[in-house]
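Everything numeric here is computed off the predicted structure, so don't read it as measured data. Chain A is the first sequence line, chain B the second, and so forth, proteins listed ahead of strands; every chain is numbered from 1.
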Amino acid sequence: MSDQTTTASEQDENHIIAERRAKLAEWRATGKAYPNDFERENISGKIIELYDSKTSEELEANPVEVKVAGRIMLKRVMGKASFITISDVGGRIQIYVARDKVGEEEYAAFKRWDIGDIVGVVGPLFRTKTNELTVQANDIRLLSKSLRPLPEKFHGLTDQEQKYRMRHLDLIMNEQSRFTFVARSRIVQSIRNYMCSHGFLEVETPMMHPIPGGASARPFMTHHNALDMPLYLRIAPELYLKKLVVGGFEKVFELNRNFRNEGMSPRHNPEFTMMEFYEAYSEYHKLMDFTEGVLRHSAREALGAEVFEYQGRTLDLSKPFDRLTMVEAIMKYRPQYTLEQLNDADWLRQRLTAMKVELKPGMGLGTLQLLMFEETTEADLWDPTFIIDYPAEISPLARSSDANPEITERFELFIVGREIANGFSELNDPEDQAERFMAQAKAKDAGDEEAMYYDADYIRALEYGLPPTGGCGIGIDRLVMLLTDSPNIRDVILFPQMRPE
RNA sequence: GGGUCGGUAGCUCAGUCGGUAGAGCAGCGGACUUUUAAUCCGUUGGUCGGGAGUUCGAAUCUCCCCCGACCUACCA
């Protein structure tokens with residue numbers, strides 16, 4: 001009895017697929033399955049662009065024959081004539097298939113094709129009664145069989161998980177998804193162009209590091225068999241890029257993946273894309289100017305505008321971005337706090353403890369201010385805002401301020417409450433850097449898993465002399481989220497990390 | 001980790017007070033030569049996320065577990 005149930009359910013689960021496999025078997029029997037000799041010459045969008053202005057009479061007087069191919073998205077059979085809508089890279093176009101034109105045999109075969117199948121069509125353009133530009137099929141061929149049914153034609157694929165797990169299906173069904181990833185490509189292209197046209201050299205540095213460096217994060221670890229040594233997927237390209245500046249590549253950038261073995265969230269994916277750039281004889285104020293330029297340029301290229309909506313709220317990149325210290329930002333957005341309070345380490349400790357923030361002994365004033373900023377203000381920085389002058393103790397690669405060695409010449413850029421970029425005047429004093437690494441190594445020994453390693457190789461490079469340099473990283477995924485109005489980082493990564501099914 | 005919501009046919013979803021499973025689309029059979037989510041007639045298809053319990057009887061109630069979305073926290 002249980003055997004019967006199992007068999008029945010297996011059949012049920014696959015009955016649509018089984019039906020299509022049977023059709024595929026019939027197709028194979030003709031000896032013409034999966035041909036690749038159809039020469040597609042036209043794209044739907046281009047056809048519409050060129051001929052949608054032509055009247056029915058004009059198309060009759062000067063016939064335009066096209067060869068299009070694409071996936072059947074809709075099928076309406078009315079006896080001896082049918083309409084299908086096919087989808088290709090340029091959009092959709094309607095095809096009229098009449099038995100009189102394609103022949104009895106071909107038409108009978110066509111009637112058995114399914115939504116999702118890929119076809120090639122040859123024939124002239126005409127206009128239907130309702131004036132829709134349509135291809136009249138003189139010839140129609142099945143090019144590829146779809147064994148799995150597409151989601152329901154009206155509602156499409158709405159399940160978020162399925163959209164992420166089966167991006168191919170999401171792209172077939174959702175115009176919005178196609179748009180987002182085309183926009184992503186344009187944004188990346190525009191940034192690359194902007195950098196190159198400003199004299200930056202694009203480089204590729206290792207993704208496998210013997211010592212993970214350049215950021216404070218937990219790395220993914222792997223192992224090289226031949227060398228029998230551990231390797232880490234990079235958490236940032238920073239140290240390698242600065243070695244290139246030592247080497248005389250004074251303006252470099254790298255646009256590629258980083259990997260961080262940390263929590264996932266709507267704003268965090270374990271692998272994510274950064275554009276990091278370094279410029280000799282620059283410093284953090286110039287970097288902020290340049291970063292603003294990069295963002296405005298990519299917005300213009302992707303959207304044609306510097307002012308747009310994000311999640312129903314206006315975002316304006318056209319005005320100069322605010323530049324505030326953490327204390328200034330807190331006082332601007334949380335006027336109940338005074339300068340005296342925010343400069344009083346004991347008061348901050350008390351406040352933060354009351355807010356249930358975990359404090360470690362030895363935290364300096366700057367770090368306490370940072371925590372206060374994160375706790376009270378960061379999420380409200382909707383308009384683009386550079387927060388400047390980060391505490392040295394959490395910025396081990398940044399140059400200290402001449403006026404106050406406790407702080408560094410560093411900024412983070414926040415937009416819609418999210419960190420989008422992070423940059424600073426680089427620490428190019430090898431002895432200072434060695435001391436900072438020592439402090440990090442000590443923190444790591446004390447159990448801070450995100451503290452940096454002591455990187456002797458990097459110190460040696462600095463000892464050859466790094467010119468005064470500014471460097472910055474821009475989170476490309478988060479930028480794409482802004483420019484495509486996407487609420488979740490997974491919406492802008494083609495194949496986001498998912499728990500296995 | 002915490003909270004909220006959810007998991008029912010291939011897809012999108014209903015399912016009342018606990019009474020033994022429904023629609024649309026897709027599929028299959030039929031009608032139809034200008035449709036637009038085509039239409040019309042007929043029809044196949046279910047481990048109701050999993051397990052245990054309560055009950056004469058559970059998609060429905062209880063408990064445990066799994067999976068997901070969103071929020072929140074953590075991860076600068």
Taking the six-membered ring for Trp and the single ring otherwise, decide whether the centroids of A:Tyr240 and A:His209 are under 6.0 Å apart. yes

Can the ring centres of A:Phe424 and A:Tyr284 be said to be less than 6.0 Å apart? no

From A:Ile420 CD1 over to A:Asp477 CG, what is the distance, rounded to the nearest 0.5 angstrom? 10.0 Å

Nearest of B:U35, B:C25, B:C28 to any side-chain atom of A:Glu19? B:C28

Nucleotide nearest A:Gln160 (side chain, heavy atoms from C-beta), chosen from B:G68, B:U35, B:A69: B:A69

Using whole Å, report how far [atom1] of [X] lies from [atom2] of [N].
X        : N     : atom1 : atom2 : value
A:Ile17  : B:G27 : CD1   : C1'   : 12 Å
A:Lys80  : B:A38 : NZ    : P     : 21 Å
A:Ile16  : B:A26 : CD1   : C1'   : 5 Å
A:Leu74  : B:U35 : CG    : C1'   : 11 Å
A:Leu169 : B:A26 : CG    : P     : 17 Å

Donor/acceptor link under 3.5 angstrom from [X] side chain onto base of [N]:
X        : N     : answer
A:Thr128 : B:U35 : yes
A:Tyr96  : B:U33 : yes
A:Asp159 : B:U12 : no
A:Gln94  : B:U35 : yes

Parallel, tilted or perpendicular: which one describes the rings of A:Phe386 and A:Phe411, with boundaries at 30° and 60°? perpendicular

